[in-house]
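A, B, ... follow the sequence lines: proteins, then strands. Residue 1 opens every chain.
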Amino acid sequence: MILERLFSALSGRRLWLKLKRKYDFDSGVFALLMPEDDIKLNFLALKHIKDLLEYRRASGVVILSANEWVLANAIRHSGQIIDIVQLSEKSIENIISYAEFYFFSQWLITVSLDRPYGVKARQAIGVSGITLEDMVCLGIYCIRNWTSMEA
Amino acid sequence: MDNYELAKIKKRINSLIRRKLLSGKRIILFGASAASKEVKRILLDNGLRPDAVIDNDKRKLGKYCFGLTVQTPEAVIEPFDDSTSILIYSASYYKEITLQLNKMGYETDKHVFCLNLKGDERASLFLYTLGRMSRGWLAYLRLTLKYSRNHVLFLAPYAGTGDIYLSGLFLEQYLKSKNIKEYIFVVVSGACRKTSEIFGIENIEVLSSTIVDDIINCNRAFSLGWRIVILNDGWMNERTQWIRGYKGLSFDRMFRYFVFELDESVSYQLPLYLNSQREGLILLEKYRLLPGRTVVLSPYSNTLLELPDDFWKRTAERLKGLGYSVCTNSSGANEPAIEDTTLVYFPLGQAVDFMNAAGFFIGVRSGLCDIISASSCKKIVLYEKDGVFFRGSPFEYFSLKKIGLCIDALELEYSRDTESACLEMMLGLF
């Protein structure tokens, strides 16, 4: 198990470096890793790309996903998507394993409530009126001035 | 800010000072947050004073951040000024900020210095992280050898005693709800140990703060499934940190929901005090302070604003004029006495006794306020007016009354503008 996780993280690092070379993430481009099959979560993440880029002063995003809905629908949601990259489930798992090792790049955003930082974000939904949209914008995208309409 | 980050910031600032990159420069802090306080404190310890705090977050503009008004980058560092050194501390945004400053003409490592642990993809950093995890693994093994693998490991990674106090309030209920019989309670300082002991917590271990982080990292990275509970509401990039203060999520509610998974119906388990003054009276006598007419000033806090020295000095002078003896609570050499007051140290386990005997407390909001909230003394607690703590203000987030720890404290929001009014309201209690 331990070796498996280690090799997975190493593979994730290799793949990340390859993607970084291709898309030059350090120049202000976010990699949006979308590993979940949760349509609502993915929809909200796509819906708020513009807010993410505006607040964090970035120029575009590259979508990384294996999810068919995301691959088919992403482009409709934002003109600032530079590319949509179809990855295998295994490749996605490898990148997440790498992210679970340490915070290697702020240009990687994982659209998930459980990984790589634990499950508390999922527990937060519904508490004190916290919505999934709040967690996407505040928790995942770190848009610090985000306020939902009903807040 | 995790413990490695703090160590890194200190090292980085010391290195900048040694290389003379900060002396004689206009020092600007980029990012108004709780972390700015650590940065400012380290600078002050080295005889340097930041000139301004800037931030891109519009909510923070015009507010005070540890004595400085938060301004936009454009207002402070445009046009380009070669004598400016900009220190960035922002765990999530530093690369974006660096790009922004570069576009304004400021060069990285000449004008712009990032204080963060800069995560990147170097193989050496990967290996370093692995090394740290091995250390975490060994520490975990040592603990389980001393106790057992069946013990649940509670890890309190932050040195603030307020976190420990809050954890103590919920721990008993949590143990019951999860049917936990055996546990180890790991803290990172002697003060945290003392706070834990107030609640009768067992099997307390004090570990270095970085080792606690290593244990957490190791468990996460290798999905080891160790039975660990992290006693913090948003440690190490946990996404819940960003909702602190949002939609009424105060300090206690964050711990209640996201650390202990308890609903509002579960009440606190307050520590049992004998409500005696005996130990306190002995301490007062030792320091030659007047029983029932002593004001304990507590100007130091781990997390929140500390008020200007002259405010405390004025307060002490006025109180002495009214016939009170005035002392400053200190936990060490870096917490000196307010001028013309007696420096006192009381063990946290005796804090309530001491305060009962002394009679009066005036302090900035700190973990000590949680502990002495059970005292019958008159309490005045100060918060930074217009301050920002994640999505709330320090008062909204940490208010003792809102948390439900006491109803008799006078809680005031301090700013330079309200200083005189604050002082008069405080003195009205005497």
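The neighbour count for B/Glu264 CD, taken as heavy atoms of other residues, nucleotides or ligands under 6.0 Å away, is above 12.
Of the listed residues A/Gln123, A/Met135, A/Arg57, the one with more heavy-atom pairs under 4.5 angstrom with chain B than any other is A/Arg57. By number of non-hydrogen pairs under 4.5 angstrom with chain B, the leading residue of A/Glu4, A/Lys20, A/Arg115 is A/Lys20. The choice from A/Glu100, A/Arg13, A/Met1 that makes the most heavy-atom pairs within less than 4.5 Å of chain B is A/Arg13.
The two atoms that bring A/Pro35 and A/Val111 nearest to each other are CD-O, 3.4 Å, heavy atoms only.
Both the backbone and the side chain of A/Ile2 have a heavy atom closer than 4.5 Å to some heavy atom of chain B. With a threshold of 4.5 angstrom between heavy atoms, A/Ser59 does not approach chain B through any atom at all. Only the side chain of B/Leu130 comes within contact range of chain A, with at least one heavy atom under 4.5 Å from a heavy atom of that chain. Contacts between A/Ser128 and chain B at a heavy-atom distance below 4.5 Å involve backbone atoms as well as side-chain atoms. In this structure, no portion of A/Ala58 lies under 4.5 Å from any heavy atom of chain B. Residue contact with chain A, scored on non-hydrogen atoms closer than 4.5 Å, involves the backbone and the side chain of B/Ser223 alike. In this structure, chain A has no heavy atom under 4.5 Å from any part of B/Met254. Contacts between B/Gln100 and chain A at a heavy-atom distance below 4.5 Å involve the side chain alone, from C-beta outward. Heavy-atom distances place the side chain of B/Arg391, and not its backbone, under 4.5 Å from chain A. Residue A/Ser8 does not touch chain B at all, counting heavy-atom pairs closer than 4.5 Å. If you measure heavy-atom distances from A/Phe30 to chain B, the contacts under 4.5 Å come from the side chain alone.
Under a 4.0 Å N-O distance rule, the pair A/Lys40/A/Asp38 does not qualify as a salt bridge. Using a 4.0 Å cut-off between charged nitrogen and carboxylate oxygen, B/Glu96 and A/Arg56 count as a salt-bridge pair. Between B/Arg256 and B/Glu261 no salt bridge is recorded (no basic side-chain N to carboxylate O distance below 4.0 Å). The existence of a salt bridge linking B/Arg220 and B/Asp214 is excluded, since no basic side-chain nitrogen approaches an acidic carboxylate oxygen closer than 4.0 Å. Under the 4.0 Å criterion applied to side-chain N and carboxylate O atoms, B/Lys402 and B/Asp252 are not assigned as salt-bridge partners.
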Working for side chain to side chain donor-acceptor pair (under 3.5 Å), residues B/Asn102 and B/Thr108: CA-CA 7 Å; B/Asn102 291 160; B/Thr108 307; 3.2 Å; yes
Go through the steps for A/Arg14 and B/Glu121 under the test salt bridge (charged side-chain N to carboxylate O under 4.0 Å, His left out), then give the verdict. CA-CA 9 Å; A/Arg14 263 199 308 275; B/Glu121 302 88 350; over 6 Å; no
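Results of the ring-ring contact (aromatic ring centres under 6.0 Å, His included) test with A/Trp16 over A/Tyr98, A/Tyr23, A/Phe101, A/Phe104 single out A/Phe104 as the only residue that passes.
The side-chain hydrogen bond (donor to acceptor under 3.5 Å, both in side chains) check on B/Arg149 picks up nothing, with sequence neighbours excluded.
When the heavy atoms of residues 64-76 of chain A are compared with those of chain B, none of the residues falls under 4.5 Å.
Annotation: B/Phe255 is not in aromatic contact with B/Phe170 [ring centroid separation under 6.0 Å not met].
Note: A/Tyr117 and A/Phe103 have tilted aromatic rings, judged against thresholds of 30 and 60 degrees for the angle between ring planes.
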